[in-house]
Amino acid sequence: MTSTSPAVRRDPPSGIGAGPGADRDPGAPPPSRASPAVARVLLSGDTAGDFLRDHGAAALLAAEALVRAPGPTTGPAADDLEGRLDGVDLKVPLGSTEAALEEAVALYLDDAVYFHHPRYAAHLNCPVAVPAVAAEAWVSSINSSMDTWDQSAGATFIERRLVDWAASLAGLGAGADGIFGSGGTQSNLQALLMARNRAVAALPGPLPERLGGLRVYASQESHFSIVRSASQLGLGEEAVVGIPVDGDHRMDPVALERAIARDLAQGLRPLAVVATAGTTDFGAIDPLAASAGAARAAGAWFHVDAAYGCGLLASPTRRHLLDGIELADSVTVDFHKSFFQPIGSSALLVRDGARFAHITHHADYLNPGRDPASPNQVDKSLQTTRRFDALKLWVTLRSVGHEALGAMFDTTLDLAADAGRQVAACPGLALAAPVHLGMVVFRYEPELDPGPWARGEAPGPAAVDELNDAIRGALYRSGEAMVAATTVAGRRHLKLTLLNPRTTSADVAGILAGIVRHGRALTPAEVTA
């Protein structure tokens with residue numbers, strides 16, 4: 001079959017780079033009468049050549065920085081970086097994009113944290129797909145705003161198709177809908193806002209009076225945004241009931257049912273049950289089906305925070321780990337975590353799209369609501385002006401397909417399992433919990449590793465806490481690797497967060513060797529200084 005699609009233009013169109021007005025179409029509007037300075041700064045057909053030149057220069061500088069980065073960080077101190085910025089006089093421009101970019105290399109690129117590096121293993125930051133980065137050039141240059149149809153046109157339908165695709169992967173059904181947003185924190189807030197408004201819609205009186213006694217149930221290891229959302233929604237942090245976890249750091253379904261029953265007996269109202277699919281510290285997946293059953297029995301909204309674990313939706317081998325997600329009323333997914341997209345690329349998926357009516361507002365100057373068929377995305381969003389962040393995911397999927405992304409995510413999980421075995425076999429390191437997804441939590445214990453600590457008096461738990469934090473700091477300052485830290489049962493631990501398919505078992509071994517090396521080199525005086 002012969003394609004009727006237009007060929008992709010690979011050479012600059014006539015006139016680009018030849019200066020304003022060159023080879024202008026006689027039927028085109030006359031050039032702007034703005035001052036020369038304005039005409040030179042603003043992106044338009046007249047300055048397309050400038051855009052191509054400056055964008056290319058910026059891309060080249062970024063590429064050079066990626067190539068020359070010897071590690072994930074240079075280990076800069078905050079005071080040093082702040083001091084450099086203090087010397088910049090923002091009232092005096094440098095006069096050209098080239099000069100400004102060169103300055104920004106020294107202020108930003110030279111000491112940036114590079115998530116693409118195979119020895120970056122700190123937070124939930126992923127390396128990004130090349131097609132997504134290419135699409136970002138369109139997102140910024142065309143600058144569509146996703147609030148109303150007449151500001152975004154085809155972008156509206158690209159976003160809607162992606163929502164349908166993601167909801168289908170989650171098994172939410174034909175009535176599902178969703179909206180892209182800034183990240184998991186916003187999606188969790190919006191889900192609980194919709195749950196709150198649904199729960200109090202039929203009650204009389206002012207809203208503050210209707211909020212009393214509402215309760216949200218979440219694992220004690222759920223994301224902090226759940227508690228913060230409750231505060232922002234006027235419920236108060238005390239409205240979140242922390243449910244104990246089992247030995248695998250998963251929410252205990254029996255404890256959940258007991259907590260709900262206890263609150264009902266006291267006249268309190270279950271608002272929502274939040275299950276986490278991939279906790280920040282341990283990658284644990286709460287029992288989704290059992291959590292859904294408890295929520296349904298109590299008449300509560302069931303939300304799944306799959307900001308990290310959403311990558312399993314595309315996994316060729318581990319999709320079953322999310323069984324039960326199809327029972328959710330809403331699901332948070334962060335494509336900028338496990339789908340290898342640039343920040344931000346996140347979405348809230350809702351089983352029943354009609355539920356968005358609980359947050360919809362109409363403004364005569366924006367979305368008056370007179371035409372119910374008008375596809376205005378602002379009707380479903382907490383944001384008004386909003387970037388076309390769906391495009392990068394669309395271009396990535398159309399380039400490589402979601403199965404390839406799922407296989408890449410699987411690679412990181414295989415690596416984490418291997419890393420857990422390496423930790424368990426390494427003298428001086430003690431694994432804190434079984435490895436579930438991509439997180440490996442452990443602690444350097446000097447009593448398990450002959451060294452300067454073992455030759456003296458055995459350090460107490462508090463001293464070992466300080467030692468682990470000091471190891472992390474020393475590793476960062478060396479620039480050889482980056483790891484995270486957390487507290488488990490009151491004690492400080494180190495954490496590998498593995499989200500890079502290019503990281504190898506040898507890279508992990510190098511990180512662990514560095515941790516042990518720094519642990520042996522640090523003296524008690526250096527740790528407590």
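Here the structure is a predicted model, which means the values were calculated and not measured.
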Working note: Glu103 + Arg84, criterion salt bridge (charged side-chain N to carboxylate O under 4.0 Å, His left out); need CA distance, chi angles, decisive distance, verdict. CA-CA 11 Å; Glu103 179 187 69; Arg84 294 184 209 171; over 6 Å; no
Mind checking side chain to side chain donor-acceptor pair (under 3.5 Å) for Thr74 and listing every partner two or more places apart, or none if nothing turns up?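 Thr74 satisfies side chain to side chain donor-acceptor pair (under 3.5 Å) with Asp111 once adjacent residues are dropped.
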Inspect the contact between Arg386 and Glu159 and indicate whether a charged nitrogen and a carboxylate oxygen are less than 4.0 angstrom apart.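 Judged by the 4.0 Å cut-off on N to carboxylate O distance, Glu159 and Arg386 do form a salt bridge.
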Neighbour count above 12 (heavy atom, 6.0 Å) for Glu403 CD: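 No, CD of Glu403 has 12 or fewer neighbouring heavy atoms, counting only those of other groups under 6.0 Å.
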Which atom pair, heavy atoms only, marks the closest approach of Phe302 to Ala275?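 That closest heavy-atom pairing would be CE1-CB, 3.7 Å.
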Considering all heavy atoms of both residues, which atom of Val240 and which atom of Ala230 are nearest to each other, and what is their separation?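 That would be CG2-CB, 3.6 Å.
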Applying side chain to side chain contact (heavy atoms under 4.5 Å, CB included), run through Asp252 and Leu256 and close with a yes or a no. CA-CA 6 Å; Asp252 182 343; Leu256 171 63; over 6 Å; no
Quiz: residues 56-73 side-chain donor-acceptor pairs under 3.5 angstrom, not counting sequence neighbours:
unit_1	atom_1	unit_2	atom_2	d
Arg68	NH2	Asp110	OD1	2.9
Thr73	OG1	Gly75	N	2.9

Would you say the ring centroid of Phe335 lies under 6.0 angstrom from that of Phe180?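 For Phe335 and Phe180, the ring centres are under 6.0 Å apart.
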Asp54: partners by salt bridge (Lys or Arg N to Asp or Glu O under 4.0 Å), with sequence neighbours left out: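 With neighbours one apart ignored, the set is empty.
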From [atom1] ([X]) to [atom2] ([Y]), nearest 0.5 Å:
X	Y	atom1	atom2	value
His336	Cys126	NE2	SG	8.0 Å
Ile285	Ser291	CD1	OG	12.0 Å
Leu349	Cys310	CG	SG	9.0 Å

Side-chain donor-acceptor pair under 3.5 Å between [X] and [Y], yes or no?
X	Y	answer
Ser505	Asp418	yes
Glu480	Ser478	yes
Ser182	Gln186	yes
Asp414	Thr411	no

Whether [X] side chain and [Y] backbone form a donor-acceptor pair below 3.5 Å:
X	Y	value
Asn468	Val464	yes
Asp334	Gly184	yes
Ser141	Ala137	yes
Thr276	Thr279	no
Arg319	Leu169	yes

If you look only at distance, which donor and acceptor atoms sit under 3.5 Å apart when one is on a side chain in residues 487-494 and the other is two or more places apart or in another chain?
unit_1	atom_1	unit_2	atom_2	d
Thr487	OG1	Arg492	NH1	2.9
Arg491	NE	Asp465	OD1	3.1
Arg491	NE	Asp465	OD2	3.0
Arg491	NH2	Asp465	OD2	2.5
Arg492	NE	Asp469	OD1	3.2
Arg492	NE	Asp469	OD2	3.3
Arg492	NH2	Asp469	OD1	3.2
His493	ND1	Arg491	O	3.0

Pairs involving residues 276-295, ordered by first then second residue, that meet ring pair (Phe, Tyr, Trp, His ring centres under 6.0 Å) (sequence neighbours left out):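 Ring pair (Phe, Tyr, Trp, His ring centres under 6.0 Å) check on residues 276-295 returns His249-Phe282.
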Might you work through the side chain to side chain contact (heavy atoms under 4.5 Å, CB included) test for Leu348 and Ser330, ending with a clear yes or no? CA-CA 7 Å; Leu348 174 68; Ser330 56; 4.0 Å; yes
Would Leu405 and Leu397 count as a side chain to side chain contact (heavy atoms under 4.5 Å, CB included) if you check the C-alpha gap in whole Å, the side-chain angles of each, and the deciding distance to 0.1 Å? CA-CA 8 Å; Leu405 299 179; Leu397 291 177; 3.9 Å; yes
Strictly by side chain to side chain donor-acceptor pair (under 3.5 Å), give each pair with a member in residues 117-134 just once, sequence neighbours left out.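 Of all non-adjacent pairs touching residues 117-134, those that pass side chain to side chain donor-acceptor pair (under 3.5 Å) are Tyr120-Asn125.
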Using 30° and 60° as the class limits, which term best fits the ring planes of His55 and Phe51: parallel, tilted or perpendicular?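 The rings of His55 and Phe51 sit tilted, inter-plane angle from 30° to 60°.
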